Structure formats: C-alpha cells, structure tokens
Amino acid sequence: MELYAKKVVHIVASADIESRLVKIAQEYNRGGYTIYPARGGGDLGVQSGMLDVDSNIAFMMVVSEKDLDQILQALDRMIKRGYQMIAYVLDAQVLRREKFGVKPS
Amino acid sequence: MELYAKKVVHIVASADIESRLVKIAQEYNRGGYTIYPARGGGDLGVQSGMLDVDSNIAFMMVVSEKDLDQILQALDRMIKRGYQMIAYVLDAQVLRREKFGVKPS
Amino acid sequence: MELYAKKVVHIVASADIESRLVKIAQEYNRGGYTIYPARGGGDLGVQSGMLDVDSNIAFMMVVSEKDLDQILQALDRMIKRGYQMIAYVLDAQVLRREKFGVKPS
Amino acid sequence: MFDFSGLLIPAVLFFMLGFLASVIRSDLKFPEGMSKGLTIYLLVGIGLFGGIELAKVDLSEAIGSVVAAIALGFITPLIAYGILTMVGKVGRMDASAIAAHYGSVSAATFLTAVAFLEARHVNFESHTVIMLAIMESPAIIVGLFLASMSRRMLGLNGQSDDKHNSEGTFGHLLRDAFTNGGVVLLFGSMLIGMIATSNSLDKIMPFFSKQGIFMGVLSLFLLEMGMEAAKRIHEFRKIGFFLVGFGMVMPLVGAVIGLITGHYFLGLSVGGTTLVAVLAASASYIAVPPAMRMAVPEANPSLYLTLAIGVTFPFNVIIGIPLYYQAATWLFG
Amino acid sequence: MFDFSGLLIPAVLFFMLGFLASVIRSDLKFPEGMSKGLTIYLLVGIGLFGGIELAKVDLSEAIGSVVAAIALGFITPLIAYGILTMVGKVGRMDASAIAAHYGSVSAATFLTAVAFLEARHVNFESHTVIMLAIMESPAIIVGLFLASMSRRMLGLNGQSDDKHNSEGTFGHLLRDAFTNGGVVLLFGSMLIGMIATSNSLDKIMPFFSKQGIFMGVLSLFLLEMGMEAAKRIHEFRKIGFFLVGFGMVMPLVGAVIGLITGHYFLGLSVGGTTLVAVLAASASYIAVPPAMRMAVPEANPSLYLTLAIGVTFPFNVIIGIPLYYQAATWLFG
Amino acid sequence: MFDFSGLLIPAVLFFMLGFLASVIRSDLKFPEGMSKGLTIYLLVGIGLFGGIELAKVDLSEAIGSVVAAIALGFITPLIAYGILTMVGKVGRMDASAIAAHYGSVSAATFLTAVAFLEARHVNFESHTVIMLAIMESPAIIVGLFLASMSRRMLGLNGQSDDKHNSEGTFGHLLRDAFTNGGVVLLFGSMLIGMIATSNSLDKIMPFFSKQGIFMGVLSLFLLEMGMEAAKRIHEFRKIGFFLVGFGMVMPLVGAVIGLITGHYFLGLSVGGTTLVAVLAASASYIAVPPAMRMAVPEANPSLYLTLAIGVTFPFNVIIGIPLYYQAATWLFG
Ligand SMILES: Nc1ncnc2c1ncn2[C@@H]1O[C@H](COP(=O)(O)O)[C@@H](O)[C@H]1O
Ligand SMILES: Nc1ncnc2c1ncn2[C@@H]1O[C@H](COP(=O)(O)O)[C@@H](O)[C@H]1O
Ligand SMILES: Nc1ncnc2c1ncn2[C@@H]1O[C@H](COP(=O)(O)O)[C@@H](O)[C@H]1O
Ligand code: NA
Ligand code: NA
Ligand code: NA
C-alpha cells in the first residue's frame, strides 16, 4: 500500500483547556483532531481523572509537514502565556492522503 | 536493552465499526490489538463521545513489518467500501519479540 | 519551532499493575507519566474493560534518551518476574525541553 | 390553539435546557459513558414495564399490536425512501439508510410522550410498549433490502462479493438487526417482566418503575439529548434545505399513518393512539445507526444522524407530541 | 464543647472514609466519569429543590437574598486577595485566582450542611439555595478583574493583545463565567423547578428529592471527595505553611461575614444563617477552577486546587459546619 | 426435584439475559466504568446493611461468625490447593493463585442468594454480612503463603530478592490484602452503618437499602456479569477439562463445609445456613484477582479469572444457590 508522510502532534494537558486546543485544530488543521481521556502525573502532581479539574486529555492531530510549524507556534504561544502542557511530534505514514489536505484559505 | 523493529498501526474510526477492526486483528495479527476510547472532529463533524453513535475509538496494533501490508490492504478495502477512518503507521522498537510473532498459518 | 529529540515509551498492561508502573515513573522519570484507559485482545484473551480485572491501561512516558535504558530494564525485570505487558518505544520531538529534564539524583 | 402547557413537563424542559446549554456554548458535558449507561437503564425499565403489563393482558389482544407494529416497520421506510428519491433526488444509498431510521422508533421520544400523557392523567394501552420493542428491527431489514436493491440499480457490487468479509453477507446483517444491544435489552427485559415471579419483581421496581426513579432518569437523559440535538444544528447547512424539511414532514406523515392504525385498526384509546402515532413518527438513533454504518457504509452518517437527532427528535418532543395528542382527541371528538 | 455528634452523619463519615482510604493507600478508585456524573445529578437535584421552593415564596422576600449573594460574591474575594497579597506576599496572579475560589461556593459543602441540619431537625429558608446558585459566578468576574489589574501592575500584557486568540478578551471570559456547566445546570434546574407543573414534577422527585435517593448519592460523592482531599495533602509542603493556614482562616473570615449577613441583614433562622455562613466560608472547585485555568493561566493550579479541595473543603465539612451552626445558635441565644 | 422457580427472580434472569446476549454475539456493551460504579454502590449498600444490623445484635453473638469466617477463609483455599496440585497436577504457582480465589467470596453471588431467599420470604441472620466482609481478605494471605512456599519448592526466588521493588515484600503484599478497595468499602460502610445516627441513616436508605433501589441495581449488575461469564466460555478449551470440572466441584466442597459450619457450628437458621454455604462456595473476582496479579505474577490470570467468573459464578447462581438452600432445609428436616 502506498503511504504518505505526515506528522502526528500529541499534546497532554488539563481537560479544562480543551476548547483552546480545538480552536487551534479548527484554525490550522481543518478541524481534524482526536481526543483521548487521560490522567497522569508530572510537575503539578497527580491528575487522578476523578473530578473535572483533575482530568487530563491527550489531544492528537495528524498534520501536514507544512502546517506543522504554525501549529507548534500556536502551542508555544499558549505555553508562554502560562498554559501547562506537554507536546511531542512523531513521524507517521498515513493511508489516504486526501483526508489530510491543506487547510482551506 | 535489546529492542526489535516493529510497526504500530493506529486507526481512528466510529465505535460502531469496532467488530470489523477486531476481525482484521484476528485474521492478520494473531488477535493482538488495543482499543482506546476517543472522540474528535473531522470532515463528518464533531464526535462528542456522548452517545454510542457519536463515539470514536482508536484501534492500535503492533505488527510485524511483513504483516503490515496485508493489514493496510484490508483497511484500504474497508475504506473503498465506504467505511470512514483515518489510519497511520509509526516505526517502533518493541521489547519482547516473542509477543509479536508471525501469524499462525 | 525548535524541537528536541526524546523517546516515548508506551506500555499496555492490565490495569491491576498500574501502581508498579507509576513507581517506575517516579523512580526514573521524575514522576512524569500519562495513563489512557484501554481494552484489547492478545494471548490472554479479550480484555473487555467492563470489570476492573478485565481492564487494560496504556502507560506512556516521555523520557530522555539517557534514561531510556534503565526504564526498559526495569520493565524487563517486571516481565521476567511474570507481569504481562507489551512495550514499545518511539522517536519523538518535543516542545519545551525543560519539561523533560534529568531525574534528580 | 397550540397548548403550551404540554411543554411544561420536566422531560421536555430538560431537553430544552440541554439544547440551550449547547446553543450558548456552555462547557456543560456529560462524562463519557453516562448517557450510554442511562440508555441501558431506560431500555431495561421500559422493557420490564411492558413485560409486566403484557403478562396481564390476554395474548389475542396483543397479537393485533404485533401485526400492526411489523406493518408500520415495513411501510414507513418504503414511503420515506419514495419521498427521498423521488421528491428530493437524494442518492439511493443515503435514502436507504435514512429511510430505515424512520421505520424504526425512538424510545426517548416514546417515553417523553408517556410523561406528557401522565402529566394529564391520560391512560394508554400497555401493548404500545410491545409495539415499541417490535418496531426496532423490521425497518433495519427494509433498509438492508433497499440498500442492496439500490446497489444493484447503481451497478455497485457492495458487500457480498468480498471474500475477505463474511460479515458483509445478508444473513449476517440480518442477524445484526436482531442482536443489536438495544433490541436484546428491550425484548429480554420484557420477557423477564413476563416470567419473573411478581413478588421478586416488586423488589426491583423502586429502581425501574415510573413510581420509582424512572422518570427522573429520563429527564437527565433528555438533558443530554438536548445537547446532542443542538450540536447537530451546525450540520443543517451541509445537509441542505430539503432534508431538514423532510425531517419535519416525515414525522407528520408517520403520525397520520400511526393515528389511523391506532384508532381504526387497533381501536385504542386516545392515549394509546397518541403513542402509536409517536412510534410511527419517531426516528431511531440507537438500533439503526450502527446497523447502517456497518451495512450501508456508502451512506453518509452525517445525514441520518443529523436528521434523527437534530431535526426529528426535537420536532417530535416540542411540537409533535402535543400535536399528535390533539389529533387523537379529535378522532375521538 | 465541640459537639461531635454532628460528625456522625453519613455524608461526613463517607468523606472521612474516602480520606482514610487514600491515606492508607488503598487502591480504591472511582471509575472515570463517575464523580462527574454524580456532580451533574447533585446540581440538578439542588436546582430543582430551589426552584420548587422559590415558586412558593414571594419574590420580594427572595430579592434580599439575591442582593446579599451578589454582595458576598464580590466582597469575600477582595478580602481574600488583600490577605493573600498583603499578609502573605503571594504573587498577584496566584492571589487573583485563589481569591476567586473563595468568593464562589462549594455545593457539596452546602449539601453536607443541609444534611447536618436535617439530622437535627433544624429548618432553613429555601432562599439559601438561590444564593448558592447566584454566588457561583460573581466571584469569577472579580477574579478576572483582579487578574487583569494584577497584570497591569506587573507589566504583563496578558491575553488581550493576542491577535490569535479572541477567547482571551474580557467579554469572552465573562461569558465563560455564566455559561459554565455547573452554573447552567443550577440555574436551569431552578427554572424548571419553578415553571414545571407540580403534577409532572412529582413524577421525577423520587429520583431527585431528599426524600428520594438524593442524600444517598451525596454520600457516595463525598466518599470520592474524601479521596481527592487526601490526595492533596502531599502538596501541602509545596504550597507552604502560609497558604495552608489561609485555607483554614479564610473560611472563618467568610463565615463571620456570612453569619452577620444571614442574621442581621436577611433576618434568617438559625438554619438559614448557618447555610449563609457555609456559603461565604466555602470555596468553589467546580465553576471557578476551569475559569481560572482558562483566564489566568499564569497562576499555578496546584495552589488553588490544593486549597479548595485539600484544605478548605475538609476544614468546612469536619470543623466548619458544626462551628458555624454553634455560632448561629449563639446569635439567637 | 430441582425447583426451577428459584431461577425466576430478576437477578438470575438478568444474569441469563447477559449470558445469552453474549452467546448470540449481540453488540450489547456496558460503557467503560459502569459496572465498576455499580460494584462500588453494591459494596457500600451491603456494608451499610450489615453495619445497621450489627448495631442491633449483641457482640458475643457475632463473635462466633467472625471466627467461623476466618476459619473458612483459611481452610477452603488449602483444600483447593490440595485438590489442584495433587489430583490435577496443576502447576504450583497457578494452584496458589486459584486457591486464594476460592477462600475469598463473591459479593454478587451472596446478594443473588439474598434475593433468592427474599423471594421465598426466608429470613436469615445478619451476621452473615459480617462474614462476607471478613472473608474477603484471609484467603489472600493464604494465597501469598502458598505462593511463597511454592516458590521455594520450585527453586524460584520470586519477589523478595528484588532490590528495586519494595512492593514485592511480604509486608507490602499483606497490606494490599487489607487495603484493597473492595475490602475498605465493605468494612468502612459497615462501620458507618454502626456508628451513624439512625435518624441520619434513614435519609440515605432510599438509595442504599433493599426497600429502595438496591435490588434493581443488583439486577443490572448481574446483566453485566452474565456477559462477562459468557465471554469466558471461549477460554474453556484453553484451561482444560480438569479445571472446568474443578470450578464446579470446588463450590460443592465449599458448600458442604459451609453448611456444616452454618448449621452445626453457628446454629443458624435455614436462610443463614444457606448464605454461609454460598460464602464458602463462591470465588472472589474483586479483591483477589488484583492481589494475585500483583503478588503472584507467575500465575496465569486466564486460569483464575475464567474459573471465578466463567465457571463458578454461573454455577452458583444457576445451580448452586437453589441446591444449597435445598440442602439447608434437609439439615433442618
Ligand atoms: N514525562 C512525561 N511523560 C508522560 N506524560 C507526562 C510527562 N510529564 C508530564 N506528563 C503529563 O502531562 C500532565 C501535566 O504535566 P505537568 O504540567 O508536568 O504536571 C501530567 O498530568 C501527565 O499526564
Ligand atoms: N487530521 C486529523 N487529526 C487527528 N484526528 C483526525 C483528523 N481527521 C479526522 N480525525 C479523527 O477521525 C474521526 C473521523 O474523521 P472524519 O471522517 O474526517 O470525520 C474524527 O472524529 C477524528 O477523531
Ligand atoms: N499485537 C498487539 N498489538 C496491540 N496491542 C496488543 C498486541 N498484543 C497485545 N496487545 C495488548 O496487550 C494486552 C495484553 O496482551 P496479552 O498479554 O498478549 O494478552 C492485550 O489485551 C492488548 O490490549
Ligand atoms: Na418511526
Ligand atoms: Na465562599
Ligand atoms: Na469461598
């Protein structure tokens, strides 16, 4: 099968800031994103997932190489303003190039 | 630690077609798969995860390089028949080669 | 955006052994880890996720290259003692190097 | 003329609250699994209620309802398919999948109608619950039939030629129609309501009965359905004017058929006739969508989900139920 | 002197059990979503109760409570901010976010106080529930105001200059304060309790009312809160001696203001006065934290969450409520 | 001879429905967390019930039950281990882990027996609930002991030499046995039932008591257990003929011991004796599996889970309970 190189951006953050991240996906990734419920531990202590305030989400976007940088910059702006998150990027090969086209502009 | 090269296939699709994907794992991956609850947004709008019809799953399989292609082809057949999904492949290094052997044939 | 090379360790195991894995994260990864609820299928049959005994978790750690090996060795020790799990490692590029520093020692 | 007091019942008001919450973009959100759990509870409760009532009536009375339910389940989707393809030029695969939803029923709409009737102390025949259970499945079969017919007309070769996929065969898909979780829960609970000793049933009824917590749970569920319905509004533009209109006209068509069936064919009371109208007018969002997603993957799920949840469900809850009740009282006028 | 019998009610005992379970490092864990679901239920139940009671009183009586609630919501966070920045040298952004929590309320603390009063057959005025609903939001506004003032003082340029982020504007943040899920549920349910026909409300009350399962659900929820509170103890060292002390002194300050308001300004009974004290003394962990996480990202969430859930909540449940009740009886002495 | 009417109670029928749903491969599925939540509720409910009853009896009466419970918890796993290793040649590590499950108890089986007895208006002594709570843990200790003995016999050096893992020490594992979530909930709720003021307990009982919604919730839980049990059938071939047989014979062995203990040693009524038999006959699937997964990782979890959930649980619910009851009546014959 023919595959196409894309980037996968993974973010782990408090569930409370979900709407901000969705906004980024809408602006830079044609509204494409996937959210996983998550909990965890880190510098801010344990996020048990039991109360809303204690829940994390993992926010995943499959993005084009060329959209990657402005997405990372948007995330960086959030981080600079104080929003806590971790973010990493993976190299991936996708099926169906047409699902991950350029953003309409 | 010695690690072994494998492929990780990630699929995001409606929870309704889970049984189809499990079938693929049983046929081509010795029944090995992991499912994560998920929600998200894409071309078909928002999948809020609240009702069954509105829930996604992420379906993950660690597969051998040599099984990869027929798994992708099985996915591609599903896509061609109309099933909506996104799928990507990652390069991974696994611990314990014996857990991901060849499929019995 | 500048990115930094890290490793992402993914483990899928029974939810019952979560506390062991958290201990590893605390010992070797400054307490940094993320847990996803999961279910799945493998050599031990189907883990439906309905009862506690039937639930998996995916345990994810973003780690430094240099911490990787001792984490993998800790996992290997668990596996040798009989704990069932699958584990794989991905190459990732992270934002914010300072979030994934060396473990205090 | 239109009597607004019918809207002042908690079920409807909570639906509106959920709708509003979504419209004003509140961050209100039900946790993953909550409405799925509530759905399981509601289906079991309604099934038990139906079974207990069924054990009391004699079977010959019920048989008419069974026949009527099957007939409604077969006829309404055919009409829907006709309207969609002939009036609306909707694609045949989409039309098949949509049609199936209208032949089946929405338990939440039915229960809202029950709450509506009870708030006015209107009695209804308990057979209607059997009809609810029975009507879940036949429409799925009609949908499968329409889809395979459409495939042949369009020259697609669909599922059956796929060697790799035994699930695609008609037999398997048929089985899916009857082993759907919702169908199994409804029928199973009905059977349990019929055969369990009445003494032992009494012990569980504070949990499941309408004298217990059932109606409260329903309200909470409708709160969630309100949010889901409102979320779909954004899709209205995408699915187009014709389909949105169809989502409001088709219930009326169904209701008329239901009213006639309930009043003339089954000879039911005002309450019972209203409920049959509601059954015929409502569109499934539990049993049919997964069946169509599996069996008719060529159809666009946005279309049928938006229609069932975003158009027809709110239409029935807010406008339809009081209207059908009014019509039923006229028939008795 | 201190009357321990007030602690021997299930709500408090389950809180202690959860706390203990966490302290002995039990693997007890609520499934994802369970306490979120219980929270939704509790907010709807309390809203309905308030609405039904409100429909009975005349509006002029209630208006005083509304004014008092708004006043409390504005004044207590200002006092808290003052203490934090002047006595404690807490950073201004952190102080703004923490202050907002103390101006708002904790529904679970309020309900525990209701359980406490009911176990002693002490009546209370139902207006207090309106006050609960109203006090959720104003403090958020004060928090936003304090944060933007602090930003100016610190020379930060915060949210508003960010072209990429219209959500950062004051207007948007204000909207968040009133569209928060908890606020919408409370107000919406209150409205439903007021306007739904009483006959139809009766049908859902076995689910939502205190004669039904409400108090049992509350106990289960407090079990979970106990675990959450205990989990925060590990953070005590990090947040420091001053803040832990603040988390116990501030409720006392609030309670005094609340007692005065309830007794002298509103002329409430012992029960009502106790509840107003509880409202003023309690700190929000539902509506305010997400608002602050969004609007004041510069503040450290560990601080306000540890204070609200790990210090003030247990303090109020175990020590505060009996104390405020005692004080209220003295006022009437 | 075998009286089928005992099966016609909702608890058993819902179990069968779940089983059937899974066998016909229905897509029925409980959302993640639902049965975990129901389990928490059931354990709290049963604990409260036990505690309230305990507060009524005098302690000297209860002490016999406590001793008997501990004895049963120690003896049955030793017998099980003997049968497994000597008759069945099952590996020692697997045998240790399996044995522990049979020394502990299944709360759901116990509650089904309670439902069975209540449907026939048979009274039972409330001490049996204390026995249920007590029997959760001792068998875990026996399991740990058997496992470490087996390790020595097999020349494995297991947990203790692992410098990296303080959790592996016997002390830690012992602590796990008593801090297991289920154990904490049961004991904690029992204590709360004993010490809370009766007036305040009345307020929460519509939620937790058997006159309230408890039995309904149990039915829903058993529906889920039916699905879980059926799922395990596929493993029967893997675990082999001997173990499947063991899963049906061991409950009978346990029941005989339990009947003797209940009737002769404790002098209980028919109902009480039946329940002690059920306790001794049932196998844990809540407290013991995680303990064994942690402490005896060398054992294959498929074996003990399939036995406890797939063989012994259905056996007891369908065949065992009526049988033990019959036997108990004979003893009184
Ligand atoms: N090194 C890490 N590996 C995996 N997840 C992490 C790591 N550090 C932080 N996280 C996740 O990110 C969340 C927030 O991290 P923090 O801001 O450090 O508390 C945590 O609750 C974890 O879920
Ligand atoms: N670019 C993307 N990145 C991450 N997830 C996506 C993306 N596009 C689609 N998805 C996921 O796939 C699901 C179905 O996508 P679609 O068929 O485009 O609606 C969505 O609900 C998302 O969960
Ligand atoms: N090849 C695989 N790909 C993805 N997940 C797997 C695979 N094999 C096992 N798993 C996951 O690991 C869990 C335990 O595997 P096992 O010990 O083989 O039963 C399963 O329940 C799956 O969630
Ligand atoms: Na219909
Ligand atoms: Na306050
Ligand atoms: Na036993």
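Residue numbers begin at 1 in each chain, while the letters A, B, ... track the order of the sequences. Just so you know, these numbers come straight off a predicted model, no measurement behind them.
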Tell me, please, which residues at least two apart from T112(D) pass side chain to side chain donor-acceptor pair (under 3.5 Å).
none
Pairs where residues 202-229 of chain D contributes a residue and the test salt bridge (Lys or Arg N to Asp or Glu O under 4.0 Å) is met, not counting sequence neighbours:
E118(D)-K210(D), E228(D)-K231(D), E228(D)-R232(D)
State, yes or no, whether a side-chain contact exists between F208(E) and L220(D) at a heavy-atom distance under 4.5 Å.
yes
Hey, which residues of residues 20-39 of chain D are touching chain E, say heavy atoms under 4.5 Å apart?
A21(D), I24(D), R25(D), S26(D), D27(D), L28(D), K29(D), F30(D), P31(D), M34(D)
Would you call Y41(E) and V217(D) a side-chain contact if the rule is heavy atoms closer than 4.5 Å?
no
What donor-acceptor contacts under 3.5 angstrom involve side-chain atoms of residues 186-197 of chain E, with partners at least two apart or in another chain?
from, atom 1, to, atom 2, distance (Å)
S189(E), OG, L185(E), O, 2.6
T197(E), OG1, S200(E), N, 3.4
T197(E), OG1, S200(E), OG, 2.8

To the nearest 0.5 Å, how far apart are CD1 in I40(E) and CG in L223(D)?
7.5 Å
Give, as side chain, backbone, both or neither, the part of V184(E) having an atom under 4.5 angstrom from any heavy atom of chain D.
both
Side chain, backbone, both or neither: which part of N199(E) has a heavy atom under 4.5 Å from chain D?
side chain
Answer yes or no: are there more than 12 heavy-atom neighbours, outside F145(E) itself, under 6.0 Å from its atom CZ?
no
What part of F14(D) gets closer than 4.5 Å to chain E, counting heavy atoms only: side chain, backbone, both or neither?
both
